[in-house]
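All values below were derived from every heavy atom in this structure, side-chain atoms included, with hydrogens, water molecules and symmetry-related copies excluded.
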Amino acid sequence: MGCGELKIRSYDVQVHRAGVEDLERRCEVGPTERVVLYIDTMGDPICRIRNSPMYKMLVAELGSELVGVIQGSIKLATVHKPPKNIAKLGYVLGLRIAPVHRRKGIGSRLVLELEKWFIANDVDYAYMATEKDNEASVNLFINKLGYAKFRTPAILVNPVDHRALRLSSKTEVAKLKVEEAEFLYRKFMTSAEFFPDDIGNILRNKLSLGTWVAYPRGESWEDFGSDGKVLPRSWAMLSVWNSGELFKLRLGKAPLSCFLYTKSSILIDKIFPCFKLPAIPDFFSPFGFYFMYGVHQEGSLSGKLVQHLCQFVHNMATKSKDCKVIVTEVGGKDILRLHIPYRKSLSCPEDLWCIKTLNNEENTIHQLPKAPPTTTSLFVDPREV
């Protein structure tokens, strides 16, 4: 393929929607050695970036054929690096190349064009996430495009059983007003890496189902979230984002053992419900998921409170026809992962975040990709899932 044949242009919904949807259906995501997932954007190819403050999609064309696509978004977030703690970040996602046109340099061209848009909008860093074992992605971004390995958070996935869980009578759960939730996040989580400056917009988004706190029964909780009020000795909080309203996932292929276990567990649960065995949902049909974000804990009893909140969210999900899993992502060394229920076979213990400096004006900011975490806490923006 000659470079002159390839055209990179901005996504036009009237011209490119059908081609992008077709490409998405043909390109798998996830750790292909174990499972293959396909994304159904439900008629809106830019659904994964539409809720970001700024976003852009680029397409690559060879003649009349759409052969590649990439998406990007821009936001302000915490980075904890002098001379400023807030940086403008560009997130790279949704890179798809038609299978027959891979290894021809199309991916590199798309990323570089997206970076030009980042630079034109004064972005300090570009970053992306990929599976640690995705050799093609790691080779492209790290070996060819100059990205550096930055963090290895854990993606925790827990299936939703159709039965509600019994919650502890020793714990109270309260839903917060958006103003209360924003106050708490800004008070307790601004030290988290990549904490978004526009947290209020996230909490007010229609996809954000709400923010809940858990605390020991009997503790005082009046006017929680108001400045100057005394908080319980132990408490935990989290918010829930309904990703299934944006797009659906479907398992394309999996080991035979996984397929047989899924089908047999569903069958056993139907025939012998009294056994109360934890059934694996049918992932071979399109399904949605809830994403838990902003998980935070305070106090010696907070681990149990986090578990209680996760069970509370599970019970919420049982009332949704499409929600089959609950997902969250935490820092690789965050103690939260000890308290969040997840299925090991469905989770990713080490996701890989890579980062690249784009701002050449500040020498000190170039050290961020090499710096160790200033905190174990990591805020994963639900708009970038």
Side-chain angles (χ1 to χ4, degrees), residues 1-49 55-73 91-117 126 128-147 246-256 258-259 283-287 348 351-352 354 356 385:
M1 179 194 76
C3 290
E5 299 175 289
L6 186 70
K7 294 182 180 179
I8 308 291
R9 61 185 67 193
S10 295
Y11 169 75
D12 184 325
V13 63
Q14 301 297 328
V15 177
H16 301 124
R17 184 173 69 177
V20 172
E21 287 185 314
D22 177 67
L23 182 61
E24 192 74 66
R25 282 191 291 267
R26 291 185 287 130
C27 292
E28 69 280 356
V29 297
T32 55
E33 292 81 3
R34 294 182 292 160
V35 296
V36 170
L37 289 172
Y38 292 93
I39 294 178
D40 179 1
T41 60
M42 301 188 294
D44 184 12
I46 61 171
C47 61
R48 293 181 66 197
I49 54 175
Y55 58 85
K56 192 177 188 67
M57 176 186 279
L58 297 174
V59 299
E61 297 174 311
L62 276 175
S64 60
E65 183 183 4
L66 193 149
V67 297
V69 65
I70 196 170
Q71 302 176 51
S73 61
Y91 184 55
V92 181
L93 73 158
L95 177 61
R96 308 278 188 262
I97 307 298
V100 296
H101 292 288
R102 291 172 183 171
R103 292 178 292 277
K104 296 180 180 179
I106 298 174
S108 299
R109 285 281 303 276
L110 282 168
V111 176
L112 292 173
E113 286 298 319
L114 186 63
E115 287 180 359
K116 289 180 182 179
W117 178 66
M128 52 79 65
T130 187
E131 296 81 27
K132 185 182 67 171
D133 299 326
N134 188 332
E135 294 182 5
S137 182
V138 171
N139 182 60
L140 172 63
F141 282 92
I142 294 179
N143 297 335
K144 293 183 179 179
L145 296 174
Y147 285 69
L246 287 178
F247 60 90
K248 296 290 190 290
L249 297 174
R250 175 178 60 84
L251 193 64
K253 69 178 182 181
L256 180 60
C258 177
F259 177 80
F283 296 129
F284 297 93
S285 301
F287 65 92
C348 176
D351 196 25
L352 178 61
C354 301
K356 180 179 180 179
V385 173

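Ring geometry, Y147 versus F141: the interplanar angle exceeds 60°, so the pair is classed perpendicular (tilted spans 30 to 60°).
Atom CE of M128 is separated from atom CG of L140 by 7.5 Å, given to the nearest 0.5 angstrom. The structure places NZ of K248 at 11.0 Å from OG1 of T41, a figure rounded to the nearest 0.5 Å. Rounded to the nearest 0.5 Å, atoms NZ (K132) and SG (C348) are 8.0 Å apart. To the nearest 0.5 Å, atom CE of residue M57 and atom CD1 of residue I49 are 5.5 Å apart. How far NZ of K56 is from NZ of K116: 12.5 Å, rounded to the nearest 0.5 Å. The distance from the CG atom of L249 to the CZ atom of F283 is 10.0 Å, given to the nearest 0.5 Å.
You'll find the side chain of E115 reaches within 4.5 Å of the side chain of K356, heavy atoms only. Looking at L6 and L62, their side chains come closer than 4.5 Å, going by heavy atoms from C-beta outward. Between S137 and E131 the shortest side-chain heavy-atom distance does not fall below 4.5 Å. Put simply, the side chain of E113 does not reach to within 4.5 Å of the side chain of I70, judged on heavy atoms. Y11 has its side chain within reach of R17: a pair of non-hydrogen atoms, C-beta onward, lies under 4.5 Å apart.
Here the shortest heavy-atom pairing between R96 and L23 reads O-CD2, 3.8 Å. Taking all atoms of both residues into account, the shortest heavy-atom contact from G107 to L95 is CA-CD1, 4.3 Å. Looking at every heavy atom in both residues, E21 comes nearest to G43 through OE2-CA, 2.8 Å. Residue I106 comes nearest to A60 through the heavy atom pair CG2-CB, 3.9 Å, listed as atom of the first residue, atom of the second, then distance. Residues F247 and C47 come closest through the heavy atom pair CB-SG, 4.0 Å.
Here the side chain of R102 pairs a donor or acceptor atom with the backbone of I97 at under 3.5 angstrom. Put simply, the side chain of K144 never gets that close to the backbone of S108: no donor and acceptor are under 3.5 Å apart.
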Query raised in the report: Please walk me through it: do H101 and E65 pass side chain to side chain contact (heavy atoms under 4.5 Å, CB included)?
Result: CA-CA 11 Å; H101 292 288; E65 183 183 4; 3.4 Å; yes
**Report entry** Evaluation steps, side chain to side chain contact (heavy atoms under 4.5 Å, CB included), between L110 and L112
**Finding:** CA-CA 6 Å; L110 282 168; L112 292 173; over 6 Å; no
Query raised in the report: Between R250 and D40, does a side chain to side chain contact (heavy atoms under 4.5 Å, CB included) hold up when you go through it step by step?
Result: CA-CA 8 Å; R250 175 178 60 84; D40 179 1; over 6 Å; no
**Report entry** side chain to side chain contact (heavy atoms under 4.5 Å, CB included) evaluation trace for Y38 with E24
**Finding:** CA-CA 8 Å; Y38 292 93; E24 192 74 66; over 6 Å; no
